[in-house]
Amino acid sequence: MAAAVAAGTLLTTAACSSGDDGTAADSETAAAVAERPLAAQTTTPYPTATATATATGSVSATPSASATSPTATTSPAAPLTEAGARNALITAADIEDDWVQVKDPESWRDKLLIGEVDTAQFVTGKADAADCQRLVDSLYDETLLGSPSGASALNGFQEGQSRLLYQVAAYDKAALDKSMDWLAKLPDTCDQFTLTGGDSGDRTVQVVEASLPKEGDARQGLTVTMKGTTNGDPVTLTLDIAVVRVGNDAITITNGGLDGADEDTTKTAVEQGTDRLKEVQAGRTPTPTPSNLD
């Protein structure tokens, strides 16, 4: 009779343990624990795995919530500081060739002599379209992307008849995106227009898109050509414009002069400058490179 009762108990336990709620299985486990000596009833306070029964009867261990690693997320870059902006600037060594770093590139917005031509005056004038006016007004200053909302730093370089203006700055994200959209539309909205006024008479301006290395989160390249006369002599000014956005920060490059624009220099400045800005955003200081101040 005892054997029959034991067999019935086993059948009942098996039937209950096959249910979805697992209540009988939990009760059986609790009973087994209660029957063990007290010293064997210890439990791990922070389990690293939970046993799960499979349909075949085997048991597999799966990590519990407390043992799993958090999902990897990318932390936003810290706000750009004045020191960080300066550290992110390229130097003459970064663009090689015979470029020489100048002391006061901020003055270029007012006066920029290349040979006998005041280039800053040459690009000053009136355009019919507001988009085109904004472009020529910002060619040699720090407002091509609008006014920075945070830290900003500037470097200038010269090589023969060419000048390169390089800026690193922090911006409001929404305003920066709008400026990038504006630049992207310029080859259509300002493909060719006339600049009037000033001492240089009428100048014909052309804007075409230029390719850039795939750096940063977004980028836009343009080539601007301006033809006119100065002191009765024909003058052609060619400028590469490159903008690269990295998060809420951006680098801006204006490179060229009366002998044209060196496309390779522009691309090198983009590559070197983006790497330096990313280093700064990651909280590191880029490796110093030598520079020559004139």
Do [X] and [Y] come within less than 4.5 Å of each other through their side chains, counting heavy atoms only?
X    : Y    : answer
L154 : E106 : yes
V205 : Q192 : no
K185 : D131 : no
L222 : V208 : no
M226 : V136 : yes

Minimum heavy-atom separation for [X] to [Y], with atom names?
X    : Y    : result
S149 : D172 : OG-N, 3.0 Å
L145 : A250 : CD1-CB, 3.7 Å
T124 : R203 : O-NH1, 2.8 Å
E215 : D275 : OE1-OD1, 4.3 Å
S138 : L144 : OG-CD1, 3.2 Å
A120 : L112 : CB-N, 3.7 Å

Check whether any side-chain N or O of [X] sits under 3.5 Å from a backbone N or O of [Y] as a donor-acceptor pair, and report yes or no.
X    : Y    : answer
N231 : D233 : no
R284 : E279 : no
Q161 : G257 : no
T238 : G260 : no
R219 : V270 : no
R86  : T81  : no
Q133 : G125 : yes
N155 : I90  : yes
D262 : G256 : no
T274 : E271 : no

- For Q281 and V246, run side-chain contact (heavy atoms from CB on, under 4.5 Å): C-alpha distance rounded to whole Å, both residues' side-chain angles, the deciding distance at 0.1 Å, then the answer. CA-CA 9 Å; Q281 290 180 337; V246 185; 3.1 Å; yes

- Contacts of type salt bridge (charged side-chain N to carboxylate O under 4.0 Å, His left out), residue K267, not counting sequence neighbours: E263

- salt bridge (charged side-chain N to carboxylate O under 4.0 Å, His left out) filter on R245, not counting sequence neighbours, yields D177, D217

- Under the side-chain contact (heavy atoms from CB on, under 4.5 Å) rule, what do I241 and T223 come out as? Steps first, then yes or no, please. CA-CA 6 Å; I241 294 174; T223 299; over 6 Å; no

Does a side chain donor of either [X] or [Y] reach within less than 3.5 Å of an acceptor in the other side chain?
X    : Y    : result
D240 : T266 : yes
Q167 : S152 : yes
R134 : S179 : yes
N255 : T265 : no

- Task: To the nearest 0.5 Å, tell me how far L237 CG sits from F122 CZ.
- Result: 6.5 Å

- Item | Atom CG of D128: over 12 foreign heavy atoms under 6.0 Å | no

- Pair F157-R163, side-chain contact (heavy atoms from CB on, under 4.5 Å): steps then yes or no: CA-CA 6 Å; F157 307 88; R163 301 292 183 270; over 6 Å; no

- Worked verdict on S162 versus W99 for side-chain contact (heavy atoms from CB on, under 4.5 Å): CA-CA 9 Å; S162 296; W99 289 96; 3.8 Å; yes

- Message: Could you work out, with side-chain hydrogen bond (donor to acceptor under 3.5 Å, both in side chains) as the rule, every residue matching N87, not counting sequence neighbours?
- Response: none

- Under 4.0 Å between a Lys/Arg side-chain N and an Asp/Glu carboxylate O for K111 and D118? yes

